[in-house]
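Counting from 1, the numbers follow the sequence of the chain as shown.
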Amino acid sequence: MEFLNVFLDILATPAILVGVFALIGLLLQKKEVSQVISGTLKTVLGFILITAGGNVIISSLDVFGKMFNRAFSISGVIPNNEAIVAVAQSTFGTQTALIMVFGMVMNLVLARFTPLKFVFLTGHHTLFMACLIAVILSTAGLKGALLVIVGSVILGILMVVSPAILFPYVRKITGSDDFAVGHFGSVGYLVAGAVGKWTGDPSKSTESIKVPKQLGFLRDTSVAVSLTMAILFIVVALFTGSGYIESQLSDGQNYLVYSLIQAVTFAAGVYVVLAGVRMLIGEIVPAFKGFAEKLVPDAKPALDCPTVFPFAPNAVIIGFLSSFVAGLVSMFVLPLFGLRVIVPGLVPHFFTGATAGVFGNATGGRRGAILGAFANGLIISFLPALLLPALGDLGFRETTFGDADFGVVGLILSFLADFFS
């Protein structure tokens, strides 16, 4: 039992999981001990940097969300994967863990014996999707071994199909085929890439925006992000008022100073994420070659969505803002369709909106980044609202799954369950 707990903890800890893959790859290549240790630790460190930067970003966005809701008196369902999974674990924890473990095994089997040569290494999204599948199948009436078997097969299929449909776009973004994107926002990214292709011109990239010499400092991603977020924070702070911020959030610090610090904190988180991405890719890609050659020939590692951020930093912030605007528009449109109000979750709009911006930019330049990310924002606003009834009792909580694939998969599974029942 103790060994099983350790094993499950490893699977539930993305940094260790990715490090284990790197370790196996380096050992299979018969690298020297020093190279094995260095490569494994740098892989883990890179992933931890991404996670740490993500946590900094999330904490800053959480403050922004509280200010925003207070300023504009908005109430509704706030999509947040971590929150809904935490709520679900008390009821579906065992099913989620088993589906996750055997789903990963299924991923390796499919990568080994089918043309879909992708190994999904984004551990936390594997956990989130396993949880969604467990909830939907349980609500549909499946139990015991049948639930785990069906759920594991579905998860394994998603873990190779999701990177596969995005891979042509990722190759275009990165200029290589070293890695794929493994993130369950793939429907939004796929749509963003298509919208960019239909509406834009890839030669007019966000990265070629000409900045006047006096504004040359904006070419620095960290500075540009800091200024953009500072404007957003201070505008919202003015609407929120000093009383709420200083009494509830800043512990007495001046509300404008506090807002400015939160904006720069957000930019610091982005900087850490980009540093972690560079370190992770620099180590995991060479290490993975050994793993692929021996166990899953020609396989590609499917990594978290921030791995594409360094290839179009301007598109990252443009995509986030455009996706967030779509979320704001959706708040007023959803009730017209008789749906619950989905309050724009800053975390999903940042990570998936930024990624959608990069995909849209690759196919349609600046216009593609804006319109592609806007389409993503609509998708991650409407799908969570449509998904709520399929979640059973969980659908009555004040949070839900945020990214596009959770909505698509949940709705399809719910429809199939109703059809066959």
Side-chain angles (χ1 to χ4, degrees), residues 162-211 215 218-219 221 224-225 227-229 232 270 273-274 277 302-330 333 344-383 402-405 407-408:
S162 175
I165 62 176
L166 296 178
F167 193 56
Y169 290 111
V170 175
R171 186 188 285 121
K172 189 175 183 67
I173 291 167
T174 64
S176 73
D177 58 359
D178 289 338
F179 69 92
V181 168
H183 190 268
F184 289 127
S186 59
V187 171
Y189 312 147
L190 192 67
V191 170
V195 168
K197 186 176 182 180
W198 296 333
T199 63
D201 180 355
S203 66
K204 298 179 180 178
S205 172
T206 57
E207 309 314 299
S208 63
I209 295 175
K210 293 184 178 180
V211 180
L215 300 177
L218 291 177
R219 293 184 181 277
T221 302
V225 172
L227 287 175
T228 303
M229 294 307 296
L232 283 176
V270 172
V273 167
L274 295 178
V277 166
L303 305 172
D304 203 353
C305 64
T307 50
V308 298
F309 288 4
F311 296 94
N314 291 342
V316 168
I317 194 66
I318 290 172
F320 163 49
L321 294 175
S322 184
S323 182
F324 183 62
V325 169
L328 294 177
V329 172
S330 299
V333 176
L346 274 296
V347 173
H349 277 289
F350 174 71
F351 286 103
T352 71
T355 307
V358 175
F359 274 72
N361 176 65
T363 59
R366 282 162 266 181
R367 186 180 298 173
I370 294 170
L371 297 180
F374 190 87
N376 174 80
L378 295 178
I379 289 170
I380 66 172
S381 298
F382 275 80
L383 284 178
D403 302 342
D405 293 9
V408 172

**Request:** Check the pair I379, V408 against side-chain contact (heavy atoms from CB on, under 4.5 Å), reporting the backbone distance first and the verdict last.
**Result:** CA-CA 10 Å; I379 289 170; V408 172; over 6 Å; no

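C305 and V181 make their closest contact through CA-CG1, 4.2 Å (heavy atoms, listed as atom of the first residue, atom of the second, distance). Across every non-hydrogen atom of A369 and I318, the tightest pair is CB-CG2, 4.3 Å. Scanning both residues, V170 and A180, for their nearest heavy atoms gives CG1-CA, 4.4 Å. Smallest separation of non-hydrogen atoms from S381 and A326: OG-O, 4.4 Å. Residues S186 and I165 come closest through the heavy atom pair OG-CD1, 4.0 Å.
Residues in residues 353-370 take part in these side chain to side chain donor-acceptor pair (under 3.5 Å) pairs, two or more places apart or across chains: S205-N361, T206-N361.
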Show the atom names and distances, to 0.1 Å, of all donor-acceptor pairs under 3.5 Å that link a side chain in residues 370-378 to residues at least two apart or in another chain.
residue, atom, partner, partner atom, Å
N376, ND2, S323, OG, 3.4
N376, ND2, T352, OG1, 3.1

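Not one N or O on the side chain of S208 forms a donor-acceptor pair closer than 3.5 Å with the backbone of K204. Between the side chain of D403 and the backbone N or O of D405, no donor-acceptor pair lies under 3.5 Å.
Rounded to the nearest 0.5 angstrom, N314 CG and E207 CD are separated by 4.0 Å.
The side-chain hydrogen bond (donor to acceptor under 3.5 Å, both in side chains) check on T307 picks up nothing, with sequence neighbours excluded.
By the 30° and 60° cut-offs, the orientation of the rings of F179 relative to F311 is tilted. Classified by interplanar angle (parallel below 30°, tilted 30° to 60°, perpendicular above 60°), the ring pair Y189/F359 is parallel.
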